[in-house]
Amino acid sequence: MDHTIVLIAKGTDTLEFLLKELRAYFEPYCKVIGYASHEHIPDLSGVDHIFITTKSPELYTIARQAVADSVPITVLNRFFELRKMKALMQIPPGTTVPVMNNSPVTAQEVIQNLIEANVDHINYVPFHPGCTFDELEFQYAIIMSIADVPLPPHVEIIDLGFRKINIHDLIDIGRKVGVPSEWEREYLSSFILEMSELAKMLGTSYAEVQKLNSQLQSTFQAVKDPVIACNEQGLITFINDVAVELFCPHASSIVGQPYTVLKEHSLLQPFFEQEDQEDALVTIDHKQFIVSSQSIRRRHEHLGFVCTLKDVTEIQRLRTTLTLRGHTATYSFSDIKGQSQPLLQVIELGKKMAKNNQTILLTGENGTGKELFAHAIHQHSLRKNGPFVAINCASLPENLLESELFGYEDGAFTGARKGGKPGLFEQADGGTIFLDEVGDISGAIQVKLLRVLQEKQVIRVGGTGILSVDCRIIAATNRDLEDAVSQGGFREDLFYRLAVLPIQIPALRERISDIPLLIDEHLEQQGFRKTWSPEVMELFYRHDWRGNIRELKNVVDYAITVSEHPVIGIQDLPKRLTDSLFQKQQTASIPNLDDNRDLDILYCLHHYYVSNKPVGRYQLAHSPELQSVGWTESALRHKLKLLEQQGLVRSGTTRQGTSITPTGIELLRKHGRI
């Protein structure tokens, strides 16, 4: 477990109760430890988060002294179990009731929690150690499992037990420390189920039970789109304020009513009565919304639906803004130049994957054209009319990258734009976001990115509201992410989320036959007419092009700038290029061959190398050139192994076949075969 969470509580009993809750949610994904405030608390450097149980300045000071200023400290939001609230509803209105806890602060917090839960028909009096019943007479007294003040025998005790932890705190911190979304959903589903069943059980006892569902209600309030949940009978179990404003702004009580009380309810009927409904476009109050629904299930039992609406008008406004900002794709597959077999195969693969909506991971060396492919895939996809937003993840420090990707709220940090700013994921809603150099992002950003991939939701920096986003992710990297995973530098779960549809862009040395076409294309764009000497083209074929197409274009730009003749020669090329090839030629150890027929094999492989076509052993053995000199497939198999040991050929996968090496090419040149 890489993360540690600490709980500091005033009382030992409260500590033990809350530790069980925290461990039930966070372990085994992170370590949870706890201390009572009266205990010695060691140096807590290295922990990820500290929870304290009250707003007491004393407790905060104790926590802050144990950790660095960068470690966040959160006061736990807590609520009462619904079943234990039933006795309070039976107390006559206006009755004065003492509320007991271990300090004035905690007693007042309990009272505030009760009022926020709409149990406000009672006059509450805070009681704590030091208070007495000498001159006061009460019929009832509220305690939290323990009577912190001795009680007279005639007082009826209402034990609300220990307050449980608000599910928002668990989910919010869990997302920051890497609790899997699958567990989050399972926990939330259990919570919804428990609250719903308790509401049914207690509803016969008092009509205001829906007011006591504020804990679950707040979960939906955090979502800024209209959200409505209905049970299997079509009764509204939860609805957030945005949905109330849209469907029933003047209604006093909606929870518990059938969804048919909502205006335009006929538009929502399929989403509350049928499973597997596809998203639909509806118009409400002259605004267009995309409606989607999710079935709520317990094992195989259907419990209801959750329906979400997204404002299309806002999406269209954002798209217009993005177009003005240049958030559009400018290249298509026709802009990717080349006729070599490896490139054509990748283009065909890209076209197939474009029609899918899954995440694509483009891998390849620098300069191979990964961004070009990202543009083309977007243009070929069903999202082509949506925005295309690109960012180089290696170009920004972590804090700036986080605010760029996820946006920030007003006042989130010094220098933040007034009113906040939407992040790139929000701006890419309905379209595609291209994350270049994704292999270079920090561990903290990896966790946030994983959330977007899993939940399709973002939380702005400095904010608490959950924003739903619908964008396709195309990521690119020149790193070996599998190696980075094994070295611990990249999250394994994120790698598999990104590499759903992997595409390996071939290096230029793997598509060497495309060089003349690429040169002509670049010259045409520059407005130049030049030809190249055979010596130069031969040198180009021999070079390994570690900088790929970008390096080739740089060499061409240099040559047309330096050359004063229509034909470009060796003398017009960058010195580093010619020196590098000369040095390789001088230092290369070229073996001697005992059988001249070996040269026939190398010459045949060179033909395939120049045309950039893969060749297998069977195809090679049946070529007319080798058959005419008596090569059989079995003999050729043995000979290719020997040539590979000498460094003259290289055997790849079945698809890659066998290819000649630079040393093999030099040997052919030495013998005058090329």
Side-chain angles (χ1 to χ4, degrees), residues 326 328-351 362-380 388 390 392 434 436-437 476 478 503-582 584 609-613 662 665:
T328 55
T330 53
Y331 303 105
S332 64
F333 281 112
S334 62
D335 295 307
I336 302 175
K337 304 302 180 183
Q339 294 297 324
S340 63
Q341 196 64 28
L343 181 68
L344 294 178
Q345 288 177 349
V346 171
I347 290 176
E348 188 61 31
L349 183 63
K351 289 180 178 179
L362 303 172
T363 57
E365 299 174 5
N366 282 330
T368 51
K370 296 187 289 295
E371 183 167 358
L372 200 65
F373 267 87
H375 280 251
I377 289 170
H378 173 77
Q379 292 279 55
H380 203 72
F388 177 83
N392 187 307
F434 174 51
D436 200 6
E437 305 296 350
N478 61 357
I503 300 178
Q504 175 75 33
I505 311 299
L508 182 55
R509 60 184 170 278
E510 297 171 351
R511 41 178 293 214
I512 208 76
S513 62
D514 285 334
I515 285 181
L517 190 152
L518 292 170
I519 292 175
D520 290 344
E521 174 72 17
H522 188 57
L523 287 176
E524 184 178 336
Q525 291 177 353
Q526 301 287 78
F528 284 94
R529 290 182 177 275
K530 294 277 188 178
T531 56
W532 305 76
S533 69
E535 293 80 13
V536 168
M537 294 307 299
E538 179 60 30
L539 187 151
F540 282 175
Y541 286 136
R542 289 163 50 200
H543 187 47
D544 54 11
W545 298 109
R546 292 296 170 183
N548 292 290
I549 299 173
R550 191 175 297 136
E551 182 186 1
L552 175 64
K553 290 183 177 180
N554 289 346
V555 170
V556 172
D557 289 340
Y558 178 92
I560 61 178
T561 301
V562 171
S563 176
E564 298 177 351
H565 306 284
V567 178
I568 293 177
I570 296 290
Q571 70 280 0
D572 300 317
L573 299 179
K575 189 172 183 296
R576 62 171 177 79
L577 180 65
T578 54
D579 285 352
S580 173
L581 288 170
F582 178 75
K584 287 180 182 178
Y609 173 79
V610 172
S611 60
N612 221 23
K613 296 178 181 178
I665 294 173

message = One pair to check against salt bridge (Lys or Arg N to Asp or Glu O under 4.0 Å): Lys370 and Glu437. What are the steps and the verdict?
response = CA-CA 10 Å; Lys370 296 187 289 295; Glu437 305 296 350; 5.4 Å; no
request  = Would you please test Arg509 and Glu365 for side chain to side chain contact (heavy atoms under 4.5 Å, CB included) and show each step?
outcome  = CA-CA 11 Å; Arg509 60 184 170 278; Glu365 299 174 5; 2.3 Å; yes
key: Trace of the side chain to side chain donor-acceptor pair (under 3.5 Å) decision for Gln379 with Ser332   = CA-CA 6 Å; Gln379 292 279 55; Ser332 64; over 6 Å; no
task = Report the C-alpha separation of Val567 and Lys530 in whole Å, then their side-chain angles, then the decisive distance to 0.1 Å, and conclude whether the side chain to side chain contact (heavy atoms under 4.5 Å, CB included) test is met.
result = CA-CA 6 Å; Val567 178; Lys530 294 277 188 178; over 6 Å; no
inquiry  = Trp545 vs Leu552, test: side chain to side chain contact (heavy atoms under 4.5 Å, CB included). Steps then yes/no.
reply    = CA-CA 7 Å; Trp545 298 109; Leu552 175 64; 3.6 Å; yes
key: Audit row: Asn548, Thr368, side chain to side chain donor-acceptor pair (under 3.5 Å) steps and yes/no   = CA-CA 6 Å; Asn548 292 290; Thr368 51; 5.5 Å; no
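With sequence neighbours excluded, the residues that form a ring-ring contact (aromatic ring centres under 6.0 Å, His included) with His380 are Phe333.
Ser533 and Gly569 get closest at one heavy-atom pair: OG-CA, 3.8 Å. Gln339 and Asp514 make their closest contact through N-OD1, 2.7 Å (heavy atoms, listed as atom of the first residue, atom of the second, distance). Smallest separation of non-hydrogen atoms from Ser340 and Ser513: CB-OG, 3.6 Å. Smallest separation of non-hydrogen atoms from Glu371 and Asp436: OE1-OD2, 4.5 Å. Here the shortest heavy-atom pairing between Gly338 and Leu344 reads O-CD2, 3.9 Å. Between Leu372 and Asp335, the shortest heavy-atom distance links the atoms CD2-O, 4.0 Å.
Side-chain contact check for Phe373 versus Tyr331: every heavy-atom pair is 4.5 Å or farther apart. Annotation: side chain of Ile519 is in contact with side chain of Trp532 (closest heavy-atom distance under 4.5 Å).
Side-chain atoms of Ser563 do not come within 3.5 Å of backbone N or O of Ile560 as any donor-acceptor pair. Proximity of a side-chain donor or acceptor of Lys351 to a complementary backbone N or O of Ile377 within less than 3.5 Å is not detected. Remark: side-chain polar atoms of Glu348 are not paired, donor with acceptor, to backbone N or O of Gln345 under 3.5 angstrom. Under the 3.5 Å distance criterion, the side-chain polar atoms of Asp520 are left unmatched by any main-chain donor or acceptor of Leu517. Counting only distance, with no hydrogens or angles, the side chain of Asn478 and the backbone of Asn366 share no donor-acceptor pair below 3.5 Å.
Sorted by first and then second residue, the salt bridge (charged side-chain N to carboxylate O under 4.0 Å, His left out) pairs with a member in residues 546-560 read Asp544-Arg546, Glu551-Arg576; sequence neighbours excluded.
A parallel orientation is assigned to the rings of Phe388 and Phe434, their planes being inclined by less than 30° (bins at 30° and 60°).
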